[in-house]
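For reference, the structure is listed below as structure tokens.
Everything quoted here is computed from the prediction, not taken from an experiment.
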Amino acid sequence: MEIHAEETAEVAAEYAADLILDAAREAVKDRGVFTLAVSGGHTPWPMYQRLARDDTFPWEQTRFFQVDERVVPRESDDRNLKHLVASLPEAAQIEPMPVDDEDLSAACGRYEASLPERFDLVHLGLGDDGHTASLVPGDPVLGVEGRRVAMTDGPYMGYRRMTLTYPGLAATRQVVWLVAGASKQIAVARLIAGDRSIPAGAIDAPHAVLVADKVALGSQLDRGHD
């Protein structure tokens, strides 16, 4: 795993945005399209805003997918899609996870059918408990093998969620982790160590970059990461 330490959460988010921009340019040059799956939470908001300010980003050739989504009304502030739409320009082509459907199992199948064979890049965050996407500790969704999109079995922090599964996340050319905050130090250390007992540690990707602020890295800075 390639590791980059930045002074603040905002600088880390902007660095992650630059990585996405580089990947977008390369993908469009090589394949004519850029496919990107993005996670929710507050940490990536400056990342999205940095992309939105860049006049060179290939919006018409980019398809945005969601890594996960809460089963809440579209207008809810807890809906990842709401903040994604608010942060990106109108030109952004976003494929929303269909969590409004009554038959969520069938909705997972339809969303899976819309996914590219392989993402160019997947952006992931990291929870204090080691979860990523909505792959949360103890949920049966961790054991899903034959599907790229699935529902969590029970509520997590109050909500059921639709999420890309391990196979869904592994179908990518690279992963960019964006992590910030002192509360993430233990989880970050376990991620870097490849601890597969936490959900995040079991993500398999051909190339992974961790971008974190220095307080999230904590003692890992003393191990030579910069």
Side-chain angles (χ1 to χ4, degrees), residues 1-30 34-54 56-58 62 64-65 67-68 80 83-84 87-88 118-133 135 164 166 169-196 198-226:
M1 179 183 289
E2 183 180 334
I3 300 170
H4 293 272
E6 303 296 341
E7 288 293 337
T8 67
E10 184 169 345
V11 174
E14 293 188 351
Y15 186 89
D18 289 340
L19 293 178
I20 291 173
L21 180 57
D22 288 344
R25 289 169 175 159
E26 182 177 351
V28 170
K29 178 182 177 181
D30 292 346
F34 178 53
T35 54
L36 170 65
V38 294
S39 297
H42 294 79
T43 303
W45 290 1
M47 180 182 79
Y48 301 144
Q49 292 161 4
R50 163 73 179 86
L51 292 176
R53 294 194 302 270
D54 195 301
T56 68
F57 191 86
T62 298
F64 286 84
F65 295 87
V67 166
D68 62 336
N80 292 331
H83 301 289
L84 187 60
S87 299
L88 298 178
R118 190 180 185 194
F119 292 112
D120 290 304
L121 190 148
V122 170
H123 150 250
L124 292 174
L126 180 67
D128 299 0
D129 59 359
H131 86 268
T132 190
L135 301 175
L164 297 184
Y166 282 132
L169 295 172
T172 184
R173 290 180 170 82
Q174 66 171 313
V175 167
V176 171
W177 298 87
L178 177 60
V179 186
S183 66
K184 308 294 178 65
Q185 286 185 10
I186 293 175
V188 165
R190 296 176 73 179
L191 175 65
I192 291 173
D195 183 351
R196 298 180 76 87
I198 61 170
I203 300 293
D204 292 317
H207 180 64
V209 181
L210 170 62
V211 184
D213 65 2
K214 289 185 175 180
V215 294
L217 280 167
S219 62
Q220 299 299 309
L221 287 172
D222 299 329
R223 299 175 181 266
H225 304 310
D226 55 22

Could you pull out all donor-acceptor pairs under 3.5 Å where a side-chain atom in residues 22-29 meets a protein atom, sequence neighbours excluded?
residue	atom	partner	partner atom	Å
Arg25	NH2	Thr56	OG1	2.8

side-chain contact (heavy atoms from CB on, under 4.5 Å) between Val209 and Met1, worked out: CA-CA 6 Å; Val209 181; Met1 179 183 289; over 6 Å; no
Between atom [atom1] of [X] and atom [atom2] of [Y], what is the distance when rounded to the nearest 0.5 Å?
X: Leu210; Y: Leu124; atom1: CG; atom2: CG; value: 11.0 Å
X: Thr35; Y: Arg118; atom1: OG1; atom2: CZ; value: 10.0 Å
X: Leu19; Y: Glu14; atom1: CG; atom2: CD; value: 12.5 Å
X: Thr62; Y: Leu21; atom1: OG1; atom2: CG; value: 9.5 Å

State, to 0.1 Å, how close [X] and [Y] come at their nearest heavy-atom pair, and which atoms those are.
X: Val175; Y: Ala205; result: CG2-CB, 3.6 Å
X: Ile198; Y: Ala187; result: CD1-O, 4.0 Å
X: Leu217; Y: Ala5; result: CD1-CB, 3.2 Å
X: Trp177; Y: Ala208; result: NE1-CB, 4.2 Å
X: Lys184; Y: Gly127; result: CD-C, 4.0 Å
X: Leu126; Y: Ala200; result: CD1-CB, 3.4 Å

Measuring only between side-chain heavy atoms, which start at C-beta, is [X] closer than 4.5 Å to [Y]?
X: Ile20; Y: Phe34; value: yes
X: His207; Y: Arg173; value: no
X: Leu135; Y: Leu169; value: yes
X: Leu88; Y: Leu84; value: yes

Electrostatic pair Asp204:Arg196 at N-O distance under 4.0 angstrom: yes
Contacts of type side-chain contact (heavy atoms from CB on, under 4.5 Å), residue Thr43, not counting sequence neighbours: Leu178, Ala180
Step-by-step side-chain contact (heavy atoms from CB on, under 4.5 Å) determination, Leu191 to Thr132: CA-CA 11 Å; Leu191 175 65; Thr132 190; over 6 Å; no
Check: [Y] main-chain N/O paired with [X] side-chain donor or acceptor under 3.5 Å:
X: Ser39; Y: His123; result: yes
X: Asp120; Y: Leu36; result: no
X: Ser87; Y: Gln49; result: no

Parallel, tilted or perpendicular, as decided by the 30° and 60° cut-offs, for the rings of Phe119 and Phe65: perpendicular
Parallel, tilted or perpendicular: ring planes of Tyr15 versus His4, cut at 30 and 60 degrees: tilted
Atom CD of Glu10: over 12 foreign heavy atoms under 6.0 Å: no
Residue pair Asp213 / Thr8, side-chain donor-acceptor N/O under 3.5 Å: no
